[in-house]
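Heads up, the thing below is written out as structure tokens.
One-based numbering along the sequence shown. Just follow the structure's listing: the first ligand is 1, and inside any ligand the first atom is 1.
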Amino acid sequence: MTHPRTAICPGSFDPITVGHEEIIRRSLKFADRILVAVAHRATQAKQGMFSVEERIQMIREVFTDEPRVEAGDFTGLLVDFARDEGAHLIIRGLRAVSDFEYEFQMALMNRELCADLETVFLTPNVEHSFLSSSLVREVASLGGDVRPFVAPPVLERLRNRFATAGG
Ligand code: ADP
């Protein structure tokens with residue numbers, strides 16, 4: 001019997017961008033099921049733009065065509081969550097050198113905490129390599145057009161939040 005290969009793609013996803021989406025869709029080449037896991041950061045004072053429930057809802061809306069992608073949230077250690085879900089793979093995106101140091105540290109720490117958990121790094125297309133949720137939030141809040149950076153369900157929410165985002 002073969003076991004489905006579950007991968008976890010953790011992050012803030014505030015909100016999910018086309019860069020995230022690209023990484024998640026690429027991961028379907030080697031994972032049978034991808035759990036996009038929105039981190040609850042109880043220790044962080046900053047609340048973020050969208051609630052965790054809204055972020056999960058947007059991820060589900062972006063992947064309505066793809067039953068192998070699920071969305072949920074997690075609190076506490078990622079390694080504990082991965083163990084509970086029977087996942088042995090963590091997917092992260094690497095955009096630029098600036099991502100490297102943090103990602104390297106995290107991957108080594110997670111391996112230290114759980115030896116059979118592997119972190120896989122994927123790079124997006126160059127046109128997505130400058131993209132981040134924080135940039136999308138900033139441009140949208142200032143009335144800029146974010147249509148190239150987010151999927152329609154996300155654009156809809158940003159428009160509701162900021163009357164002028166993307167026309
Ligand atoms: P965090 O809040 O932990 O920095 P994010 O929610 O921004 O994480 O992103 C989750 C994962 O998606 C991270 O591995 C991040 O590097 C990756 N990611 C974010 N934006 C992009 C992008 N434009 N292209 C590729 N990967 C990305």
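- Taking a 6.0 Å sphere around CZ of R111, one finds it holds 12 or fewer heavy atoms contributed by other residues, nucleotides or ligands.
- Only the backbone of P10 comes within 4.0 Å of ligand 1, counting heavy atoms alone; no side-chain atom from C-beta on gets that close.
- V79 is linked by a side-chain contact (heavy atoms from CB on, under 4.5 Å) to L77, N110, L113, C114, L117, counting only residues two or more places apart in sequence or in another chain.
- Selection from H128, M106, R95, E127 by nearest heavy atom to atom 27 (C) of ligand 1 gives R95.
- Residue G93 places at least one N or O, backbone or side chain, under 3.5 Å from an N or O of ligand 1.
- With ring centers used as reference points, H20 lies under 6.0 Å from F13.
- Inclusion of L131 in the set of residues having an N or O under 3.5 Å from an N or O of ligand 1 is warranted.
- Residue contacts with ligand 1 for I23 involve side-chain atoms from C-beta outward but no N, CA, C or O (heavy atoms, distance under 4.0 Å).
- Looking at R137, its side chain does come within 3.5 Å of a backbone N or O of D14 through a donor-acceptor pair.
- Residue-level proximity to ligand 1 for E103 is carried by the side chain, the only part with a heavy atom below 4.0 angstrom.
- The pair R161-E54 counts as a salt bridge, with a side-chain nitrogen and a carboxylate oxygen less than 4.0 angstrom apart.
- Cluster membership for I16 and L94, using ILVMFWY side-chain heavy atoms within less than 4.5 angstrom, is not shared.
- Considering both main-chain and side-chain atoms, S133 never comes within under 3.5 Å of ligand 1 through any nitrogen or oxygen pair.
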